[in-house]
Amino acid sequence: MTHTNTPYPLRSSVATQLKGDATIPGDKSISHRALMLSSQVLGKTHITGLLEGEDVLATAGALRSLGVSVARISPHTWEVQGVGIGGLTASADVLDMGNSGTSTRLLMGLVTPYPFTTFFTGDASLRSRPMARVSKPLEEIGASLVTAEKNRLPLALTGTKTPMPITYRLPVASAQVKSAVILAGLNTRGTTTVIEPQPTRDHTENMLRHLGFTLDIKILEDGARAISISGQQTIAPADRQISVPSDPSSAAFAIVAALICKNSSLSLHNVCINPTRTGLFTTLIEMGAKITFRNERIVAGEPVADLIVESSRLKGIIVPAERAPSMIDEYPILAVAAAFAEGKTVMHGLAELRVKESDRLAAIVDALNVCGVEARAEGDSLIVNGASKGELPRGGGTVTTHFDHRIAMSFLVMGMASQQPITVDDATAIATSFPDFVRLFNQLGADIEPLTAHASGDHQPFVIAIDGPAASGKGTLARRLAEYFDLDYLDTGSLYRAVGMKVVYAGGDPSDLKTAVEAAKSIDAEDLANPRLRQEHIGKAASIVSAFPEVRAALLEFQRQFATRGRGAVLDGRDIGTVVCPDADFKFFITATLYARAKRRHRELQGQGIEVVFESVLEDLRERDERDQQRSVAPLKPADDATTLDTSTLDADAVFERIRSEVTSRKTAKVA
Ligand code: DC
């Protein structure tokens with residue numbers, strides 16, 4: 001995820017109760033491995049439940065650059081056409097890994113046994129993280145690296161034709177370093193062995209076995225685990241399935257939320273319960289949590305279960321250092337649970353938390369303190385004094401997240417049950433692992449809202465005009481902006497569609513000027529909610545009637561009144577910034593290449609179960625573009641003072657984030 005200049009604050013107020021099925025996103029570690037490892041077997045792998053956070057998208061993007069075909073079929077469902085061992089090709093450009101350390105380290109391993117150079121970079125936060133732990137074994141195998149100062153990104157890794165099969169004992173427990181060495185071993189003649197003194201996540205091993213690779217895993221005399229892989233194994237081509245289970249680290253937020261909120265009960269399906277990941281579950285149960293595991297089974301090599309969690313009275317405990325590796329990401333949310341537990345909770349062995357995305361230990365202590373909880377770090381331990389009997393933590397503070405997604409989510413959860421609402425200064429990072437967090441929790445009964453100008457009491461009406469070609473994503477953007485800034489929203493295309501619909505359903509001919517103008521004059525707000533407006537033949541009629549200047553004139557007043565009636569508005573269409581609202585406070589022209597727009601439209605239609613060939617969608621849009629640009633009435637062109645954004649390579653979240661931050665900062669500048 002890229003840092004944006006403007007933060008996105010959210011406020012979480014007390015939830016009366018949380019109830020229902022919590023759909024938890026796919027596991028991040030397993031999602032990365034599903035994409036990466038299915039590229040290493042021949043045949044097509046169909047992946048469901050993939051986490052579509054930015055980190056995993058960075059892996060998908062990098063694999064594409066390395067010559068693998070990776071396609072999104074529908075939300076969370078992807079297909080990888082494997083190239084097999086040795087099948088990657090050099091990337092023509094730098095791989096931008098965003099915020100993802102996992103993607104970077106695993107891919108560095110994967111490309112080590114290839115005689116070409118791969119360039120890696122990432123966002124500011126990733127560029128500040130050391131890569132020495134992983135570069136050391138990869139250099140032993142034969143990679144040469146050139147890095148920025150102190151072993152950081154950006155870096156160039158030149159692989160080798162003759163990789164050495166090494167035996168590497170991990171000096172520090174790290175699943176990423178282990179995986180990087182195993183992945184390098186995939187295409188290395190001979191046997192590569194990694195020895196891990198303490199167990200770390202074994203998702204790479206599980207996924208490799210699920211895909212048909214043979215691994216040899218032994219427990220050594222000193223209790224360490226030795227994982228050996230012989231390189232260049234032949235795996236028969238096949239069509240495969242991977243169902244990615246829910247992420248236990250993401251599930252942790254729903255679990256703790258249900259425990260601390262009164263009268264709550266949540267069910268969570270298909271949660272990964274790999275023992276290397278369930279330290280938090282064990283700890284919470286020791287604290288008195290009511291968590292029931294049902295229907296335990298193995299899916300895509302991973303143990304999973306369905307969970308039921310109910311409000312519970314928690315008590316403070318001592319969490320041993322040995323448990324830290326199996327719950328390293330869960331300390332922020334455990335610290336929140338500890339704030340609600342009676343008595344003191346002491347968590348040992350947290351050194352690793354100081355080199356994560358931020359100094360997470362210090363950040364947790366600060367956040368607890370601003371929310372009225374007594375907490376401190378002593379060496380590598382975290383001590384939290386829980387609430388006294390029958391009392392709830394005060395809450396009420398503004399938490400500094402340091403761009404850490406887990407801190408942001410943990411303290412939003414804390415706000416659900418504290419006496420006073422809790423604000424997190426910037427929730428942008430949540431998209432890295434749990435893009436749907438706010439919507440899901442609000443559905444279950446939470447009360448999380450953006451801290452908008454409106455919420456803080458200084459709502460000044462203003463108008464945002466969004467122009468752009470068909471399928472540029474302007475509608476989605478406009479709707480989100482309206483919701484965020486608390487403005488009315490008008491999709492002006494629906495006006496022309498409504499005119500087309502009126503004519504067609506009255507048996508008339510849309511190309512008859514008089515009929516069309518009559519219809520345009522009789523449009524009211526109710527017509528705009530008719531689901532038939534989206535039908536294909538109504539779209540065609542709309543494009544015919546919208547070419548009449550008289551029809552446009554008849555609709556102009558409706559649009560202007562909508563924009564100026566008081567609360568402020570977002571309007572989208574093809575002539576808003578130029579004709580309808582030439583004085584709009586903000587004007588954006590949202591565009592994308594024809595190909596990117598056709599891809600989106602095609603996906604959208606498939607998502608609705610409509611089977612069309614891509615080429616016909618492309619052709620359709622091409623024709624529409626031509627009509628839009630060439631017509632003499634209101635031709636599609638950006639207003640001179642519009643800000644243009646090409647969204648070809650951006651997803652909806654990124655587009656929203658950019659425009660939202662621009663509006664926020666320009667508004668603030670105006671006020672100041
Ligand atoms: O965006 P849409 O597909 O719903 O638009 C329907 C038709 O209306 C399309 O042919 C373009 C036209 N239109 C227009 O001419 N001016 C607008 N402001 C919005 C839409």
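Counting starts at 1 for both ligands and their atoms, in listed order.
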Q241 meets the side chain to side chain donor-acceptor pair (under 3.5 Å) criterion, sequence neighbours left out, with none
Could you walk me through whether F485 and F462 pass the ring pair (Phe, Tyr, Trp, His ring centres under 6.0 Å) test, one step at a time?
CA-CA 9 Å; F485 290 109; F462 61 98; 5.6 Å; yes
Pick out the protein N or O atoms lying less than 3.5 Å from any N or O of ligand 1, and list each pair with its distance.
| residue | atom | partner | partner atom | Å |
| --- | --- | --- | --- | --- |
| ligand 1 | 1 (O) | R574 | NH1 | 3.1 |
| ligand 1 | 1 (O) | R574 | NH2 | 3.4 |
| ligand 1 | 3 (O) | R497 | NH2 | 2.9 |
| ligand 1 | 3 (O) | R624 | NH1 | 3.0 |
| ligand 1 | 4 (O) | R497 | NE | 2.6 |
| ligand 1 | 4 (O) | R497 | NH2 | 3.4 |
| ligand 1 | 15 (O) | R552 | NH1 | 2.7 |
| ligand 1 | 15 (O) | R552 | NH2 | 3.3 |
| ligand 1 | 15 (O) | R631 | NH1 | 3.1 |
| ligand 1 | 15 (O) | R631 | NH2 | 2.8 |
| ligand 1 | 16 (N) | R552 | NH2 | 2.9 |
| ligand 1 | 18 (N) | T492 | OG1 | 2.9 |
| ligand 1 | 18 (N) | R574 | N | 3.2 |
| ligand 1 | 18 (N) | D575 | OD1 | 2.9 |

Partners passing side chain to side chain donor-acceptor pair (under 3.5 Å) against R560 (at least two apart in sequence or in another chain):
none
Identify, with sequence neighbours excluded, every residue that meets side chain to side chain donor-acceptor pair (under 3.5 Å) alongside D512.
T515
Basic-acidic side-chain contact under 4.0 Å: D625, R597:
yes
Aromatic ring proximity F548/Y496, centre distance under 6.0 Å
no
